[in-house]
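Contents: one structure, followed by commentary.
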Protein chains: 2
Amino acid sequence: MDILDILKRNNLSVTDSRKKILEMFHHADGALAHADIEKNSSENFDRVTIYRTLQTFETKGIIHTIPTADNSILYALCKEECSQGHHRDNHIHFICDSCNTTYCLDHVPYSSIHLPEGFTENRTDIIVSGICHKCH
Amino acid sequence: MDILDILKRNNLSVTDSRKKILEMFHHADGALAHADIEKNSSENFDRVTIYRTLQTFETKGIIHTIPTADNSILYALCKEECSQGHHRDNHIHFICDSCNTTYCLDHVPYSSIHLPEGFTENRTDIIVSGICHKCH
DNA sequence: TAATTTTTGCAACATAATTGCATTTATTAT
DNA sequence: ATAATAAATGCAATTATGTTGCAAAAATTA
């Protein structure tokens with residue numbers, strides 16, 4: 001996985017902040033919130049830059065959002081299948097109540113949901129919280 | 001379903017705002033956001049009162065939160081099984097992309113999720129978004 | 001290397017959420 | 001029913017979060 005490659009593949013100009021933020025995602029065990037990026041970074045980017053970078057990455061299909069119950073959006077790297085406009089991050093997200101790490105459980109299967117008459121699905125998010133393997 | 005009963009059962013003193021907000025949930029088709037309550041109410045409660053009331057209701061297990069992808073917490077009435085501390089709102093939530101109504105799909109089944117070794121579940125949220133029966 | 005395009009950072013603004021404290025309201029005990 | 005106590009409310013102040021316009025800086029293209 002090459003940072004530069006990702007940017008170029010998506011026709012994004014290669015800038016310092018984009019490289020650094022992508023790296024943070026790459027090194028992160030799980031998902032990151034805006035606040036994580038803002039605090040963590042030794043070099044500090046402007047808040048606005050972070051917002052805009054995350055948004056760019058999301059529309060390009062480089063990262064995807066994970067809704068959480070505590071009103072903070074999390075972002076995580078997408079796997080290959082995502083593309084502009086429509087995400088295909090069909091996996092379960094697990095948030096550890098103890099260490100707060102968010103995992104993308106790519107290999108955990110789940111059966112498709114059968115909605116009532118008249119309802120059509122566009123996106124499905126499955127978020128499980130509990131205790132992760134490290135915190136037991 | 002008796003508003004007063006719910007409050008008394010939970011050792012909450014019976015106040016105007018609590019009664020009114022509970023009633024709003026009762027009449028609402030689906031879930032409500034803080035903003036809905038703030039705007040909707042003919043009598044206007046202080047923002048702070050609404051925050052505090054929602055929080056109280058949630059810790060008591062009267063309402064539960066629904067995570068959404070756009071960073072706005074929704075709240076909906078719990079069914080009987082919820083209790084202080086631990087919610088048992090095991091149902092799928094559906095958010096309409098068009099009219100924004102949120103439905104608790106109590107009767108839509110889903111198979112339980114088998115987590116990897118070392119992970120234990122505490123809470124599971126399944127949020128489906130798309131178009132609801134009214135908006136087709 | 002110059003011209004052009006894009007991104008960044010700052011300032012200003014808008015909204016959302018939290019905290020402390022005095023006042024008001026509800027509950028309990030008399 | 002009323003006084004004493006406890007709890008909830010509303011206001012003000014503060015902090016956090018998110019957005020927009022625009023000039024300066026950096027990246028890309030010619």
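Numbers restart at 1 for each chain; the letters A, B, ... are given by sequence-line order, proteins then strands. These figures come from a predicted structure and were not determined experimentally.
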Considering only distance and modelled atom types, tabulate donor-acceptor pairs under 3.5 Å from the side chains of residues 47-56 of chain A, sequence neighbours left out.
| unit_1 | atom_1 | unit_2 | atom_2 | d |
| --- | --- | --- | --- | --- |
| A/Arg47 | NH1 | A/Glu38 | OE1 | 3.0 |
| A/Arg47 | NH1 | A/Glu38 | OE2 | 3.3 |
| A/Arg47 | NH2 | A/Tyr51 | OH | 3.0 |
| A/Thr53 | OG1 | A/Thr49 | O | 2.6 |
| A/Thr56 | OG1 | A/Arg52 | O | 2.7 |

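In this structure, the NZ atom of B/Lys39 is 11 Å from the C1' atom of C/dA16, given to the nearest Å. Residue A/Phe57 contributes atom CZ, which lies 11 Å from atom P of C/dT7 at whole-angstrom precision. In this structure, A/Glu38 places its CD atom 13 Å from C1' of C/dG9, rounding to the nearest Å. Remark: C1' of C/dT25 and CG of B/Leu7 are 15 Å apart, rounded to the nearest angstrom. We find that OH of A/Tyr51 is positioned 18 Å from C1' of C/dT7, with the value rounded to whole Å. Following rounding to the nearest Å, B/Lys19 (NZ) and C/dT25 (C1') show an atom-to-atom distance of 12 Å. Rounded to an integer number of Å, the gap from CD1 of B/Ile73 to P of C/dA17 is 7 Å. Between the CG atom of B/Asn10 and the C1' atom of C/dA26 there is a distance of 17 Å, given to the nearest Å.
Across all strands shown, B/Thr56 has no heavy atoms under 4.0 Å from either base or sugar-phosphate atoms.
Taking for each of A/Val48 and B/Val14 the nucleotide of DNA chain C with the nearest heavy atom, the 5'-most of the two is the partner of A/Val48. In this structure, A/Arg52 and A/Arg47 both approach DNA chain D, and ranking their closest nucleotides by distance from the 5' end singles out A/Arg47.
In this structure, CG in A/Leu77 is found 8.5 Å from CG in A/Leu32, a value given to the nearest 0.5 Å.
Inspection of the B/Thr120 and A/His136 side chains reveals an N or O donor paired with an N or O acceptor under 3.5 Å.
On the nucleic acid side, DNA chain D has its first and last nucleotide under 4.0 Å of a heavy atom of chain B at D/dA7 to D/dG18, going 5' to 3'.
Put simply, A/Arg18 has a side-chain N or O that comes within less than 4.0 Å of OP1 or OP2 on C/dT7. Contact annotation: B/Thr15 side-chain N/O to C/dA26 OP1/OP2 distance is not under 4.0 Å.
Between B/Phe25 and B/Tyr75, a ring centre-to-centre spacing not shorter than 6.0 Å is recorded.
A salt bridge is defined here as a Lys NZ or Arg NE, NH1 or NH2 lying under 4.0 Å from an Asp or Glu carboxylate O, and B/Arg123 with B/Asp125 meets this definition.
The aromatic rings of B/His64 and B/His93 sit tilted relative to each other, their planes meeting at an angle between 30° and 60°.
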ask   = Where do A/His133 and A/Phe94 land on the ring-ring contact (aromatic ring centres under 6.0 Å, His included) test, with the steps shown first?
value = CA-CA 11 Å; A/His133 61 133; A/Phe94 183 94; 9.1 Å; no

